[in-house]
Each structure stands twice: as C-alpha cells, then as structure tokens.
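First the structure, in the form of structure tokens, and then the observations on it.
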Amino acid sequence: MSYVDEVIEQVTAQNPGEPEFHQAVREVLDSIRPVIDANEAKFRKDALLERLVNPERQIKFRVPWIDDNGNAHVNTGYRVQFNSAIGPYKGGLRLHPSVNIGIIKFLGFEQIFKNSLTGLPIGGGKGGSDFDPKGKSDREIMNFCQSFMLELYKYIGADTDVPAGDIGTGGREIGYMFGMYKRIRGLFEGTLTGKGLSYGGSLARTEATGYGLLYMTQELLKDHGIDIKGKTAVVSGAGNVAIYAIEKAHQLGAKVLTCSDSTGWVYDPDGIDVAALKQIKEIDRARLTEYKNYRPNSEYHEGRGVWQIKADIALPCATQNELDIEDAKQLVANGAIAVCEGANMPTTEAATKYLQDNKVFFVPGKAANAGGVATSALEMSQNSERLSWSFEEVDSKLNQIMVNLYHNIAKAADKYGYKDNFVVGANIAGFEKVLDAMNAQGIV
Ligand code: NDP
Ligand code: 2IT
C-alpha cells in the first residue's frame, strides 16, 4: 500500500467518530500524492505524514458560566494547536452547538495549508466551544467569553498562538475575550485578531474574508477571459463572510440573488440589499424572516435552497458540507461557471468531484477564504510595530495577496499536470512550504 493510503487508513482508524477530520485529511493527502510518491522512502522514514496529521497539541477544558437567572451551565472548550512549522498557531474560535473535537481538528488541519498559502508566517490552529450564542443576552455572552479565556489564556500569546473569530465569534466576543486576557496577564499584546479599531484591530479585517473571496473570484474569471461585471451570484450564509462577499460582489458589478441563515433563505431578484442585511444580522441579531420588511419584492423560504436559483457564480459562505451532490447537479444544470468557497469545506467530496468533472471552476476554501486570516496576520504586523495602516493600505495588500495566491495555486496545478484543478494546486502549494519548514527543523 502506498504511504499516503496507509496514513489515510491510520487517521480513519485512530480518530473514530470524526468524519469531517477524515474528509479534510483525505482531500489533502490525496492531492499531494505526486509530491509524496516522488520521495516516499524518505518521507516514510521521517514519519512526515504522521507528523502532519497529528496535532502538536490539543487542549480540551471545562467552561462553566452563569446565565441571567443565576443558573450555572457547563460547556466544553477546545484549542487544537496543529502545526507551528511556519509560525505561531493561528486560527479562529468557533462557537456553535455542533462543535466537537473532530470539527476543530478538521478546521485546524485546513488552517495549516490555508495559512501557508497566504505567504505570511503563521502556523495552523483552531478552537471553540459547543456553546450556543443564539438567544443569549450580552451579559451571558460576556460571562461565557470571560470563563473561556480564564482557561485559554494559559496556552496563547502574541508569539505562540493567536486566535480570532469564526462562526459565532465576532467583534463583540473577541472584545470580551481580549479584555479578560489583558486583565489576567497584565499584557496589552496582539494575542487575538479581529479586535475593535479602538484597541488594536485592523481596518478591513471585518471585510477581509468576503472581500478576499471576491478578489480571488475576480482573478480566476479574469484569467479565463471572463468579466465578473454583469454576472449573477448565489451566496449562502448571512454572517461575516457572506455579508462582505455580497458587498464586494456588488462593488465589482455582479448581482447577488440569495443569502441564507440556519433556518431559511432569501431570494431577491433585484439583488440582496446589503444595508438591510447588516441591520438584521449585525445590529438586530435577528432572523432572515425580517428581510421582507425591507424588500417586499423578495421571497423568504424555510429550510435550504439557495443553490436551486440560476446564477453564474456560487459562493457557499455558511458552514461545512452545505453544498451536496444534488446541489452540484443543479448548479451544473443551471450553467454555473464557478464555485468559490467562502466557508471552510462547504462542498462535499462528491459534489466537488461532480463540479470539476463538469468543468465548473472550483476554488477550495483554504485558498478562496484565506483573505480573512491573511488580514489577521496583517493585524499582527501592525500590533508588533504599534502602528495602524489605512483602510486602503490593508485592502490593497489583501487584494495583492489574493491575486498572488490565485496564480500560485494555478501554477502548482499546472506544474503537476492538473491544469485548472485548484484543489490539487492549493493543497500542493500550501503543503510545499510547510514541508520545507518541517524538513529544515528536524523531527520535532
Ligand atoms: P458567522 O457566525 O458570522 O455566520 C455564519 C452564517 O452561516 C450565519 O448566517 C449562520 O446562520 C449560518 N450557519 C452557520 N452554521 C450553520 C449551519 N449548521 N447550517 C446552516 N447555516 C449555518 O460566521 P462566519 O461568516 O465568520 O463564517 C462562515 C464560514 O466561513 C465558516 O465556515 C467559517 O469557518 C468560514 N470562515 C470564516 C472566516 C472569518 O474571518 N470569519 C475566515 C475564513 C473562513 P445564523 O445566522 O442562523 O446563525
Ligand atoms: O477559518 C478561518 O480562516 C478563520 N476563521 C479566520 C482565522 C483568523 O485567524 O483570522
């Protein structure tokens, strides 16, 4: 059996009940076969792949907190410090009831290659909790975040591990966590990114993931002689990534017809009203059912369904495995040109293959949504030099990073004979830098 297959089997056997982690490992290891096969004996001797798929460290802890009625609750907190070969661990904190160790490991594993692809010095990590922020008061959110940090602070720091936002963790949560970290450690340092602008945050970090996704999509289309202007798009999600993806798509002259949340979805034939979406989701923290109050011509539907609307571009920006084989068939039947992932691993393996087989350009999240973490790394740079850059400066750096990233993955795919296979391109290009750093640092 090949070394790659052996390690895929090991991961499945040694990490039972973690299907998302298996999926992420399978996808990466499968893509990097050409690199591994070319040097199999050495890599096997060095246990290179075993070191790649086993986190350097995984931390699990109890998070007790008290609700507004005085009742105590206990959630589980996680931080997986996956790989520090190219820099301090870096990656978000997810707060969602579905969080478990397998989800955090899949996200941390993806983060290694994503962070490598940004070209910036950041290793891979991820964390979070099964805490559900929905329906909680501000005070309850603060209580939870403070308790979470009371344990997490032991493991993080500006030069060791720098968490950030993800599903359920936005500016408010980062603020509460930062406040508690500073109080415990007595240190005002950039140990979290996505901070508010008044205390060390970076301009354009809020917009970065969504904007970066569109910079990447624009470059992909341009490289194939297609203008994004005038194209239609379907977006899923209505959170941080989705909102700023829609905003930038509109700025670039495309029209976004849909968005969704965990209970339903909106179809707006006139193009999603971003100001209304921000009001509903960022300010009121309400459901998408409210959208119709702003746009009487729009439709609201319960459940899921954005992928059935005919459009040129699909941008999944909600969560993992939200675009399945049936959705992929629908997109192909509707003549979609491209699927670019704003979320982490939103497309199932079967759907990815179907899209690729049917010549739909497919850019995986570890490349397409890397603008968020890249801008987090820019926030770290600004914190280190105790300066803040203008919006234009950060945004133009982000744009350049995404344009370079696109060409790097396209080049890597081409080099190994997989032209326009951006999954192979992203995995190989991301892996090569990590491999080089791991080899240089010996067996650690
Ligand atoms: P948010 O919490 O801001 O928004 C998430 C959105 O997706 C919400 O609209 C939410 O619905 C919906 N959603 C979440 N879980 C589910 C689910 N299980 N089923 C259906 N809908 C769901 O998170 P982000 O926008 O930050 O993150 C979205 C995706 O992008 C995630 O995969 C994340 O890992 C990824 N990502 C985020 C980055 C960032 O900088 N924030 C960077 C790179 C990737 P509801 O409104 O009902 O909660
Ligand atoms: O998935 C991701 O890249 C993020 N949630 C952002 C991580 C970060 O450190 O900014």
Side-chain angles (χ1 to χ4, degrees), residues 20 87-99 103-104 106-115 117-118 120 122-128 132-135 161-174 190-195 201-202 204-213 235-246 259-266 277-278 280-282 284-290 303-304 306 315-323 341-347 364-380:
E20 294 86 1
Y89 310 106
K90 182 85 197 84
L93 297 170
R94 178 173 292 190
L95 300 183
H96 193 272
S98 63
V99 163
I103 302 254
I104 299 299
F106 121 62
L107 290 163
F109 187 71
E110 287 286 286
Q111 203 80 42
I112 303 170
F113 308 99
K114 181 195 305 194
N115 293 2
L117 285 170
T118 65
L120 301 167
I122 39 180
K126 198 85 184 189
D132 186 358
K134 281 215 179 69
D161 184 352
V162 183
D166 193 78
I167 291 178
T169 306
R172 175 181 59 171
E173 292 73 20
I174 293 292
T191 192
L192 289 157
T193 60
K195 298 186 292 298
S202 174
R205 175 61 188 93
T206 304
E207 295 85 352
T209 312
Y211 277 23
L213 174 66
V235 167
S236 65
N240 174 263
V241 180
I243 289 172
Y244 293 95
I246 299 169
C259 61
S260 64
D261 65 13
S262 50
T263 50
W265 60 285
V266 162
L277 195 58
K278 285 183 182 175
I280 296 166
K281 286 293 172 184
E282 292 184 337
D284 301 340
R285 298 181 187 275
R287 315 304 311 157
L288 275 182
T289 40
E290 301 294 314
R304 55 196 293 284
V306 297
L315 304 170
C317 297
T319 193
Q320 64 274 359
N321 293 326
E322 51 155 319
L323 196 165
E341 295 186 324
N344 284 306
M345 211 171 73
T347 314
K366 63 170 71 71
N369 71 38
V373 76
T375 306
S376 277
L378 301 179
E379 182 172 330
M380 290 166 71

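Counting convention: from 1, in listed order, for ligands and their atoms alike.
- For the residue pair Thr169/Arg94, the side-chain donor-acceptor check at 3.5 Å is not satisfied.
- Residue-ligand proximity, Gly91 to ligand 2, at heavy-atom distances under 4.0 Å covers atoms 7 (C), 9 (O).
- For ligand 2 and Ala164, the ligand atoms under 4.0 Å from any heavy atom of the residue are 8 (C), 9 (O), 10 (O).
- Residues Leu107 and Glu110 form no side-chain contact, since every pair of their non-hydrogen atoms from C-beta on lies 4.5 Å or further apart.
- Numbered from 1 in the order shown, with element, the atoms of ligand 1 that lie under 4.0 Å from a heavy atom of Lys281 read 46 (O).
- By the criterion of a heavy-atom distance under 4.0 Å, the side chain of Arg205, and not its backbone, is placed next to ligand 2.
- A heavy-atom separation below 4.0 Å is not found between Glu322 and ligand 1.
- The existence of a salt bridge linking Lys195 and Glu379 is confirmed by a sub-4.0 Å separation between a basic side-chain nitrogen and an acidic carboxylate oxygen.
- For a threshold of 3.5 Å applied to N or O pairs, the pair formed by Cys317 and ligand 1 contains no separation below that value.
- Less than 4.0 angstrom separates some heavy atom of Lys126 from each of these atoms of ligand 2: 1 (O), 2 (C), 4 (C), 5 (N).
- For ligand 1, one of its N or O atoms has an N or O atom of Ser262 under 3.5 Å away.
- Checked against a 3.5 angstrom limit, the closest N/O atoms of Thr263 and ligand 1 fall outside it.
- Residue contacts with ligand 1 do not include Gly170, since none of its heavy atoms lies under 4.0 Å from the ligand.
- For the pair Val373 and Ile122, the minimum side-chain heavy-atom distance is below 4.5 Å.
- Close contacts of ligand 2 with Ser376, meaning ligand atoms under 4.0 Å from a residue heavy atom, involve 8 (C), 9 (O), 10 (O).
- Under a 4.0 Å criterion applied to the non-hydrogen atoms of Gly92, ligand 2 contributes the atoms 7 (C).
- On a distance-only criterion, Ala242 and ligand 1 share no N/O pair closer than 3.5 Å.
- Looking at Asn344 next to ligand 1, an N or O pair under 3.5 Å apart turns up.
- With a heavy-atom cut-off of 4.0 Å, Asn344 touches ligand 2 through its side chain alone.
- Each of the following atoms of ligand 2 lies closer than 4.0 Å to a heavy atom of Gly165: 4 (C), 5 (N), 6 (C).
- At a heavy-atom cutoff of 4.0 Å, ligand 2 is contacted by the side chain of Lys114 but not by its backbone.
- Here Thr209 has side-chain heavy atoms under 4.0 Å from ligand 1, and that is the only part of it that gets that close.
- Side-chain polar atoms of Arg205 and Thr193 form no donor-acceptor pair below 3.5 angstrom.
- The distance criterion of under 3.5 Å between nitrogen or oxygen atoms is not met by Gly372 with respect to ligand 1.
- Of all the listed residues (His96, Glu341, Arg94), His96 holds the heavy atom that lies closest to atom 15 (N) of ligand 1.
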